[in-house]
Amino acid sequence: MTNAQVARIFAEVADILEILGENPYRVQAYRRAAQIIENLTEDIVDLARRDELEKIPGIGASIAQKVKEIVATGRLKQHEELKAKIPPGLLEMLQIPGMGPKKVLLVYKRLGIDSVQKLEEAAKAGRLRGLPGMGAKTEQNILRGIQLLRSTRGRLPLGIALPAANKIVAELKELPQVERITTAGSLRRMKETIGDIDILITSPDPKPVMDRFVSMPMVKEVLAHGTTKSSVIIDAGTQVDLRVVPPESFGAAQQYFTGSKDHNIRLRELAIKKGLKINEYGVFKADTGERLAGEHEEEMYAALDMPWIPPEMRENWGEIEAALEGRLP
DNA sequence: GCGACACCGCATGTCC
DNA sequence: GGACATGCGA
DNA sequence: GTCGC
């Protein structure tokens, strides 16, 4: 039994509970546990044997017990029981960008749709419109989401994503309307695989930049073409987002969109304790709303009394504590 | 044992 | 047409 | 479900 296998079971439990409308925090707990286990450097079986599971932050008594069950029997009774409650196709539908638990359950209950295939047929036939909260536009979005799922299954290795991103950045840099420019997301954190490419810029006149972006030769499909955000699919099948942010918020946006999500949550919690508020626009005093930082990323961390943390370390593995104590490697 | 668990913007659809 | 609600995702 | 108070 590998860490990945154990993680997968918990991830599925989370998905099913979500479709069943369970308490979102409970769902989140399973999902987070799955992620933690997957990223563990140590073998989960060894940890279970040594009874050290509960030492891992995010894993409590309940999940530790379930891990032991999986290690001992190779399966989780709760997982099997939950799987029996919903058709397997619903989990697949949940993977479609734009399809959440609510929509999945809605189309299943009202139209009996229980597979991506059936969903695609229904959307093409215009049978989805008329359902509460769904119109013609939603149908198009769903069809697009299905295409996206098929073309981007699997993440892109950094070795391929990085050159592609560099090329795009280099091309945009040539434009006089582009002031500051940076990548963000898992690419900037140098993860081994990348889900999508995020690029941020400041620009007094974004329109020509956006026009150039969506008409690059490598662009296969344009998902959105606005003045503050555009999204395209490039030939590698990867989604690339370009966002324009105000100059005074560039550092904040860079920090926010670089993540990781867990790192950001920990930062925000910390900020709240200090009477501050962090968002993608800056660091603010909670009471007066006074802006303390935002233009540069370093200031964001400085406002929280810590040194700038390199993107590669922003995974909520203790780097925030280390930074606060001044013992960043 | 009990409450909190980040914050928010965007897209879409609905209601008045 | 504009205020409001909901779902989604980051 | 997990954590901190």
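A note on names: the letters A, B, ... follow the listed sequences, proteins ahead of strands, and every chain is numbered from 1.
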Between [atom2] of [N] and [atom1] of [X], the distance in whole Å:
X	N	atom1	atom2	value
Met99(A)	dC8(C)	CE	P	8 Å
Gln140(A)	dA11(B)	CD	C1'	15 Å
Ile37(A)	dG1(D)	CD1	P	14 Å
Lys66(A)	dT2(D)	NZ	C1'	13 Å
Lys273(A)	dG4(D)	NZ	P	8 Å
His79(A)	dG1(D)	NE2	P	16 Å
Ile63(A)	dC3(D)	CD1	P	9 Å
Ile56(A)	dG1(D)	CD1	P	18 Å

> Using atom C1' of each nucleotide, how far apart are dC8(C) and dC7(B) to the nearest Å?
Replying inline: 14 Å
> Which value, in whole Å, describes the distance between the P atoms of nucleotides dA6(B) and dC3(D)?
Replying inline: 14 Å
> Any chance the side chains of Glu315(A) and His263(A) put a donor and an acceptor closer than 3.5 Å?
Replying inline: no
>> Distance alone, cut at 3.5 Å: any donor-acceptor contact between the side chains of Thr202(A) and Arg180(A)?
In response: no
> Any chance NZ of Lys167(A) has more than 12 other-residue heavy atoms, nucleotides or ligands included, within less than 6.0 Å?
Replying inline: no
>> Can you confirm whether Glu80(A) is buried at CD, in the sense that more than 12 heavy atoms of other residues, nucleotides or ligands lie under 6.0 Å from that atom?
In response: yes
> Tell me, which of residues 250-271 of chain A have any heavy atom that sits under 4.0 Å from an atom in DNA chain B?
Replying inline: Lys261(A), Ile265(A), Arg268(A), Glu269(A)
OP1 or OP2 of [N] less than 4.0 angstrom from a side-chain nitrogen or oxygen of [X], does that happen here?
X	N	result
Asn279(A)	dA6(B)	no
Thr138(A)	dG13(B)	yes
Lys229(A)	dA11(B)	no

What contact category does [X] fall into here, base, sugar-phosphate, or nothing, at under 4.0 angstrom with non-hydrogen atoms?
X	result
Ala64(A)	nothing
Pro24(A)	nothing
Ile59(A)	sugar-phosphate
Tyr281(A)	sugar-phosphate

>> Looking at Lys273(A) and Glu269(A), is any side-chain nitrogen of the basic one under 4.0 Å from a carboxylate oxygen of the acidic one?
In response: no
> Are Asp51(A) and Lys68(A) ion-paired here, with the side-chain N under 4.0 Å from a carboxylate O?
Replying inline: yes
Picking from [options], which would you name as closest to the side chain of [X]?
X	options	value
Ile272(A)	dG9(B), dC7(B), dG1(D)	dC7(B)
Lys137(A)	dG1(D), dC8(C), dG13(B)	dG13(B)
Ser62(A)	dT2(D), dA6(B), dG9(B)	dT2(D)
Lys277(A)	dC8(B), dG1(D), dA6(B)	dC8(B)

> For Thr228(A) and Ile278(A), take the nucleotide of DNA chain B holding the closest heavy atom to each; which residue's nucleotide lies nearer the 5' end?
Replying inline: Ile278(A)
> On DNA chain B, nearest-nucleotide positions of Glu280(A) versus Gln28(A): which is more 5'?
Replying inline: Gln28(A)
>> Taking pairing as Watson-Crick or G-U wobble with both contacts under 3.5 Å, can you name the mate of dA10(C), or confirm there isn't one?
In response: none
> So which heavy atom on Ala271(A) is nearest to which on Ile278(A), and how close?
Replying inline: CB-CG1, 3.6 Å
> Taking it one step at a time, do Leu304(A) and Leu276(A) satisfy side chain to side chain contact (heavy atoms under 4.5 Å, CB included)?
Replying inline: CA-CA 9 Å; Leu304(A) 297 171; Leu276(A) 304 173; 3.8 Å; yes
> Stacking between Tyr25(A) and the base of dC5(B) (centre distance under 5.5 Å, interplanar angle under 30°)?
Replying inline: yes
>> Can you confirm if the NZ or CZ of Arg31(A) lies within 45° of the ring axis of Phe10(A) and under 6.0 Å from the centre of its six-membered ring?
In response: no
